[in-house]
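Worksheet: one structure, shown below.
Everything numeric here is computed off the predicted structure, so don't read it as measured data.
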Amino acid sequence: MRDADGDDARQGQHADDGDHSGQGMAESQSHGASRLPTIVRRALHEARSAMASPNRNARSAVVLGRLLGIAFLICFGTGLYSHFLQDPLPWMRFPTRPTQLYQFTQGLHITAGIAIIPLLLAKLNTVMPALAQDPPVRGVLHLLERLSIAVFVSAAIVQVGTGLVNTYQWYPWPFPFRQVHYALSYVLIGSLAIHIAAKLRIIARYWRARDAYDADGRFVHDGSVGSELPEYGLEARGDSATYPRGITGRVMRWADGAEPSRASRPDDQPRADRQPRAGRRQRVARRGFFAGIAAATAGVVVLTVGQSSRLGEPFNVFAPRQRHRGPNDLPVNRTARAAGVLATATAADWTLTVVGPAVTRTFSRAELVALGMTMVELPISCVEGWSQMGTWKGVRMRDLLEAVQADPASDVRVTSLERHGGYRIMDMGPEYASDPTTLVALELNGGTLDLDHGFPARIIAPGRPGVLQTKWIERIEVRS
């Protein structure tokens, strides 16, 4: 009996242990399942808290939009100038003084374009709650406004991204960069104008800082002007009116732990003695946010502007070109090998043909030297943004035109030894042909022109893009 009882007891104990094990596993699974909603709720709540930032308000959006607008207008104006220098309309004439004009405008174009990158990211961060609003569209006019924003943001990303890659002369896309870049500039400015018109009430309301913050430094939310950014502060979350309708609103209430029918109560509002402290916290957060933006913008500018500025040269870390590095103490964009002129440019029988209205002459390099050499200080300024001053010696263009009995103030066409490429043929207006500093250059920085810089002869003229300073020239023809 004892053994049987003992066995029974032990069997019962074993059976009981097995039952406890199964119950423990079930309880563990149940406990894990019960924790899942809490984890999801916490994640959603933290995501909403992250979106509710004192920096995400209409005033911040206006300030960043103002800076972006200035940068885009600078890029648009300087970009148009560069475009029409390369593709002028028949009536256009351009200034040749100051000689460093294009060096300044294109350097400003690239610098402003680089500054747009951190500013655009900051702007998108600021308006993210409005971009992710629910419902996404509230009517036809709202749909058009949202489409204009989508077009603007998309065009800005493509424009800035391809422009940055262009500075490295890398083109991993099937479309022509310059034409697309030019067309997108109008899309950008057009969509920017539409966006400004749509947000004009908000811009006017929050243009001045003193109209945007109260005496304690807290942002003053004004829903009457149509701002789509939510009011900052957890104290407003208890009010059911702050939540959108439908499933999204219910999920947001659940994440915040708010009652569906709960109305805003006096004890939900911040106490008066807490307001100055909240204002100080918001002010510190805003200053830190804008200090970070300023540091990022200044950083990318300072670390790249050295490719076009002597002052920034010691800090030129990220720019693709370094000044004073290359043959003749000058960087090279397109080499003779890439242009396919290694044999023709070094041929012993090379001559330059100059075609006038009635007279045509050919000049060997020695004969060009015999005409008389002029020295000028002119920059080489490339569309990619880099530039550097050089000391050039050569024959003045106006002297060559006079040698074939042509008017120095003539339209001129210059042809390179290159057999392919969009800049193989270059047209030059009379304002450049007659300028005394426009040369058929034979020397650079005290030495014979290097092959990669255009030997045996190249064009150098004031205030023109580097792509129009044609290298390895073989023919100059008077057109009018």
Side-chain angles (χ1 to χ4, degrees), residues 71-72 74-76 78-79 81-83 85-86 102-121 154-185 188 296-340 379-390 418 420-424 450 452-454 464-471:
F72 275 118
I74 289 173
C75 286
F76 183 66
T78 54
Y81 184 68
S82 179
H83 173 82
L85 277 173
Q86 299 173 62
Y102 187 75
Q103 181 181 28
F104 171 76
T105 61
Q106 194 62 10
L108 183 62
H109 179 84
I110 298 299
T111 301
I114 290 173
I116 284 173
I117 297 173
L119 291 175
L120 183 60
L121 292 174
S154 301
I157 292 173
V158 173
Q159 189 81 328
V160 173
T162 56
L164 180 64
V165 173
N166 173 66
T167 63
Y168 291 86
Q169 295 186 303
W170 180 44
Y171 306 100
W173 47 72
F175 53 83
F177 166 76
R178 190 163 68 88
Q179 289 81 355
V180 172
H181 201 67
Y182 174 66
L184 272 181
S185 66
L188 266 172
T297 305
V300 296
V301 168
V302 168
L303 296 177
T304 55
V305 74
Q307 65 178 342
S308 60
S309 168
R310 181 180 300 176
L311 294 177
E313 192 173 336
F315 311 103
N316 186 12
V317 176
F318 296 125
R321 294 289 185 276
Q322 299 289 332
R323 291 154 59 92
H324 303 288
R325 291 189 182 180
N328 292 125
D329 194 37
L330 194 72
V332 173
N333 251 17
R334 184 171 171 80
T335 65
R337 181 179 297 278
I380 187 77
S381 310
C382 287
V383 294
E384 293 84 10
W386 72 268
S387 58
Q388 183 184 322
M389 186 66 72
E418 293 185 74
H420 305 284
Y423 296 98
R424 176 179 163 280
D450 187 85
D452 283 338
H453 279 307
R464 303 201 89 196
V467 291
L468 301 182
Q469 311 283 31
T470 309
K471 300 193 284 187

Distance (rounded to the nearest 0.5 Å) between [X] [atom1] and [Y] [atom2]:
X    : Y    : atom1 : atom2 : value
T162 : L164 : OG1   : CG    : 9.0 Å
L121 : I157 : CG    : CD1   : 8.5 Å
S308 : F104 : OG    : CZ    : 10.0 Å
I74  : T105 : CD1   : OG1   : 12.0 Å

Answer yes or no: is there a donor N or O on one side and an acceptor on the other, between the side chain of [X] and the main chain of [Y], under 3.5 Å?
X    : Y    : result
H109 : T78  : no
D452 : A336 : yes
H453 : P327 : yes
N328 : D450 : yes

Angle between ring planes, Y182 versus H83, binned at 30° and 60°: parallel, tilted or perpendicular?
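Correct class here is parallel.
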
Hey, are the side chains of [X] and [Y] touching, using non-hydrogen atoms and a 4.5 Å cut-off?
X    : Y    : result
Q106 : P465 : no
Q388 : D329 : yes
I380 : L330 : yes
I116 : F72  : yes
S185 : F76  : yes
Y423 : Q86  : yes
I117 : V300 : no

Basic-acidic side-chain contact under 4.0 Å: E418, R334:
yes

Looking only at non-hydrogen atoms, find the nearest pair between [X] and [Y] and report the distance.
X    : Y    : answer
Y102 : S82  : OH-OG, 2.8 Å
A115 : T297 : CB-CG2, 3.8 Å
G385 : I110 : CA-CG1, 3.4 Å
Q159 : V180 : OE1-O, 4.4 Å

Compute whether any side-chain donor of one residue and acceptor of the other, for N166 and E384, lie under 3.5 angstrom apart.
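No pair is found: no donor N or O on one side chain lies under 3.5 Å from an acceptor on the other.
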
Can you tell me if S381 and Q103 form a side-chain donor-acceptor pair at under 3.5 Å?
no

Working note: W386 + T167, criterion side chain to side chain contact (heavy atoms under 4.5 Å, CB included); need CA distance, chi angles, decisive distance, verdict.
CA-CA 9 Å; W386 72 268; T167 63; over 6 Å; no

Would you say the rings of F175 and W173 are close, in the sense that their centroids are separated by under 6.0 Å?
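Ring centroids of W173 and F175 are less than 6.0 Å from each other.
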
